[in-house]
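Here is the structure we will look at, set down as C-alpha cells.
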Amino acid sequence: MPTYVVLLGPPGAGKGTQAQIISKTMDLPHISSGDIFRENMKNQTELGRQAKGYMDRGELVPDDLTIAMIRERLSRPDCARGALLDGFPRTPPQAQALDGMLAEFNGRVNAVPYIKVSENVLIERLTGRWTCRAQGHVFHEKFNPPEKPGVCDYDGSELYQRDDDKAETVANRIKVYFAQTMPLIDYYQKAGLLIEVDGAQPIEKVTADLLEALQART
Ligand code: AP5
C-alpha cells in the first residue's frame, strides 16, 4: 500500500522546511502545491497565469484548478509508493477530493502532522525567508541562514524573497488560513489522523518529533 502524509500548518509554520528533510528520510516525493504553482508562473503556463492574481493577493487558488493539478501530479510514476503533501489540501472540498483520488490509487491518507505555531511568530519567519530559485529550498536569514548569503546550500542557485512574503500579503494569507484551512484540523482529528507537533521549537527538534510520530503511524 502506498503511504500518503499530509503536512498541515499555517503559512510559515515550517511545512516546506520539514518536508525537504522528511521526504528524504521517508523516501517519498515532496509535493508542494505552492511550488507547483510558482513553477507554472515561472514558465508562464496557462495554469500559472490563472493562479498568479490569487497568489499575489494571498488568496487561495480556486479548488477546481488546484485539485486537477494535484491529481495530475499524484498520478505520475514517482508517486507509486506514496507522497508527502505540503500545502494541499487547504479546504474541505480539497480534502474530500484527495480522499476520493487516493482511493482510486488504492491508498488513503495515513497521517496528518499539524505543525502548530502561534500567529506572532509567523510574520518574522515569512518576512525573513529566502527561497532557492531552482528547487524551492528554504532558508531564513536569522533562524536557518545559508552558508553563503544569497546562495542555496543544496544546489548553488540564487536565493530570492517570495512576492507573497510582503507584510500586507502575509497578513492576508494568515487570515485566509484561519478562515478556510482551520476546518481541516477538525476533519482530520475526527478521522483519527491528526498528530500535533510543536513548531515553535528549533528546526531539528521539530524534525525529530515529526519522525517519531510518523514512524508510529506509517
Ligand atoms: P504555499 O507555498 O503553500 O505557502 P504557505 O502554505 O503559505 O506556506 P509557506 O511556504 O509560506 O510556509 P511553510 O509552512 O512551508 O514554512 P517554511 O518551511 O517556508 O502557498 C502559497 C500560495 O499558493 C497560497 O497563498 C495560495 O495562493 C496558493 N496555494 C498553494 N496551495 C494551495 C491550495 N492547496 N489551494 C489553493 N491555493 C493554494 O518556513 C518559513 C520560514 O521559517 C523559513 O524561512 C524557514 O527557514 C523558517 N523556519 C522554519 N521552521 C523554523 C523553526 N522551527 N524555527 C525557526 N525558523 C523556522
Side-chain angles (χ1 to χ4, degrees), residues 6-23 30-41 47-48 50-71 73-74 84-98 113-119 121-132 136-146 152-153 159-166 169-182 184 197-210:
V6 169
L7 277 183
L8 268 189
K15 302 181 296 296
T17 300
Q18 296 300 330
Q20 72 195 23
I21 305 168
I22 288 172
S23 67
H30 170 199
I31 312 291
S32 157
S33 45
D35 284 353
I36 304 176
F37 282 131
R38 281 183 286 279
E39 186 67 18
N40 275 277
M41 279 161 57
L47 176 63
Q50 290 178 307
K52 187 176 185 325
Y54 298 100
M55 293 179 74
D56 286 348
R57 292 190 295 275
E59 295 168 8
L60 295 186
V61 179
D63 283 339
D64 55 343
L65 289 178
T66 308
I67 291 166
M69 174 182 88
I70 293 294
R71 168 184 282 281
R73 181 64 189 88
L74 286 177
L84 178 58
L85 286 156
D86 158 15
F88 182 94
R90 244 176 162 99
T91 62
Q94 290 183 16
Q96 284 149 12
L98 179 64
Y114 165 40
I115 307 179
K116 196 170 177 189
V117 178
S118 67
E119 202 177 331
V121 176
L122 301 174
I123 310 257
E124 187 184 12
R125 287 209 186 161
L126 291 173
T127 50
R129 167 167 61 188
W130 289 83
T131 304
C132 137
H137 296 117
V138 177
F139 300 87
H140 192 281
E141 57 196 24
K142 188 162 143 197
F143 305 127
N144 183 25
C152 178
D153 290 353
L159 300 180
Y160 76 105
Q161 290 198 288
R162 275 170 44 179
D163 286 344
D164 63 349
D165 280 347
K166 287 193 275 275
T169 315
V170 163
N172 196 40
R173 284 165 58 203
I174 293 171
K175 207 169 105 195
V176 165
Y177 168 80
F178 281 108
Q180 293 180 258
T181 307
M182 278 297 269
L184 294 190
V197 172
D198 177 6
Q201 312 176 89
I203 291 171
E204 301 72 28
K205 179 71 174 87
V206 179
T207 308
D209 285 1
L210 280 168

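Counting starts at 1 for both ligands and their atoms, in listed order.
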Would you mind reporting whether Asn172 and Asp164 have side-chain heavy atoms less than 4.5 Å apart? no
Starting from atom 5 (P) of ligand 1, locate the nearest protein heavy atom and write down its residue, its atom name and how far away it is, to 0.1 Å. Arg90 NH2, 3.3 Å
Number the atoms of ligand 1 from 1 as they appear, then name those within less than 4.0 Å of a heavy atom of Leu126, with their elements. 11 (O)
Could you find the nearest protein heavy atom to atom 16 (O) of ligand 1 and give me its residue, atom name and distance? Gly14 N, 3.2 Å
Quick test: of every protein heavy atom, which one is nearest to atom 9 (P) of ligand 1, and how far off is it to 0.1 Å? Arg129 NH1, 3.2 Å
Could you find the nearest protein heavy atom to atom 18 (O) of ligand 1 and give me its residue, atom name and distance? Thr17 OG1, 2.6 Å
Output the list of atoms in ligand 1 that are nearer than 4.0 Å to some heavy atom of Gly87, sorted by atom number. 31 (N), 32 (C), 33 (C), 34 (N)
Proximal atoms of ligand 1 relative to Arg38 (non-hydrogen, under 4.0 Å): 2 (O), 21 (C)
Measure the distances from the heavy atoms of Ala19 to every atom of ligand 1 and state whether one is below 4.0 angstrom. no
Is Trp130 close to ligand 1, meaning an N/O of one under 3.5 Å from an N/O of the other? no
Can Arg90 be said to sit on top of Phe88's aromatic six-ring, NZ or CZ under 6.0 Å from centre and within 45° of the ring axis? no
Any Arg162 heavy atom less than 4.0 Å from ligand 1: yes
Less than 3.5 Å between some nitrogen or oxygen of Phe139 and one of ligand 1, yes or no? yes
List every atom of ligand 1 that sits less than 4.0 Å from any heavy atom of Gln94, numbering the atoms from 1 in the order shown and giving each element. 33 (C), 34 (N), 35 (N), 36 (C)
Polar atom proximity, Leu60 to ligand 1 (N or O, under 3.5 Å): no
Evaluate the side-chain proximity of Thr66 to Leu60: yes if any heavy-atom separation is below 4.5 Å, no if none is. no
Donor-acceptor pair, distance only, cut-off 3.5 Å: does the side chain of Gln18 make one with the backbone of Ile203? yes
Heavy-atom distance under 4.5 Å between the side chains of Leu47 and Val61, does that happen here? no
So for Met55 against ligand 1, with non-hydrogen atoms under 4.0 Å, the contacting part is both
Does any N or O of ligand 1 fall below 3.5 Å from an N or O anywhere on Phe143, backbone included? no
Taking 4.0 angstrom as the limit and counting only heavy atoms of Gly16, give me the atoms of ligand 1 inside it, by number and element. 13 (P), 15 (O), 18 (O)
Taking heavy atoms and a distance under 4.0 Å, where does Ile115 meet ligand 1: side chain, backbone, both or neither? neither
Main chain of Arg125, side chain of Lys142: is a donor-acceptor contact present, judged purely on distance under 3.5 Å? no
With nothing but distance in play, are any N or O atoms of Glu59 less than 3.5 Å from an N or O of ligand 1? yes
Polar contact flag for Lys15 and ligand 1 (N/O pairs, less than 3.5 Å): yes
Provide, to 0.1 Å, the distance between atom 38 (C) of ligand 1 and the closest protein heavy atom, together with that atom's residue and name. Phe37 CE1, 3.7 Å
Does Val138 reach ligand 1 with a nitrogen or oxygen that is under 3.5 Å from one of the ligand's nitrogen or oxygen atoms? no
Would you say that Leu122 contacts Val170 through its side chain, given a criterion of any heavy-atom pair below 4.5 Å between the two side chains? no
With side chains defined as the heavy atoms from C-beta onward, is the minimum distance between Thr17 and His140 less than 4.5 Å? no
Which atoms of ligand 1 are found less than 4.0 Å from any heavy atom of Pro10? 14 (O)
Ranked by distance from atom 37 (N) of ligand 1, the top protein heavy atom is Val61 N, 3.0 Å
With heavy-atom distances below 4.5 Å as the criterion, would you say the side chains of Cys152 and Trp130 are in contact? no
Just jot down the ligand 1 atoms closer than 4.0 angstrom to any heavy atom of Thr66, in number order. 33 (C), 34 (N), 35 (N), 36 (C)
Please confirm whether Gln201 approaches ligand 1 to less than 4.0 Å, judged on its heavy atoms. yes
For Gly199, state whether at least one heavy atom is located under 4.0 Å from any atom of ligand 1. yes
Step by step, would you call Asp153 with His137 a side chain to side chain donor-acceptor pair (under 3.5 Å)? CA-CA 9 Å; Asp153 290 353; His137 296 117; over 6 Å; no
Which residue supplies the protein heavy atom nearest to atom 12 (O) of ligand 1, what is that atom called, and how far is it? Gly12 N, 2.9 Å
Indicate yes or no: does an N/O atom of Asp165 lie under 3.5 Å from an N/O atom of ligand 1? no
Please report the closest heavy-atom contact between Arg38 and Ser32, naming both atoms and the distance. NH2-OG, 4.4 Å
Among protein heavy atoms, which lies nearest atom 48 (N) of ligand 1, and at what distance? Arg125 CD, 3.9 Å
Should you measure from each heavy atom of Ser33, which atoms of ligand 1 turn up under 4.0 Å away? 30 (C), 31 (N), 32 (C), 34 (N)
Less than 4.0 angstrom from a charged side-chain N to a carboxylate O is my criterion; do Asp56 and Lys166 meet it? no
Without swapping roles, check the side chain of Gln94 against the backbone of Ile67 for a donor-acceptor pair under 3.5 Å. no
Report yes if the side chains of Asp86 and Ser33 come closer than 4.5 Å at any heavy-atom pair, otherwise no. no
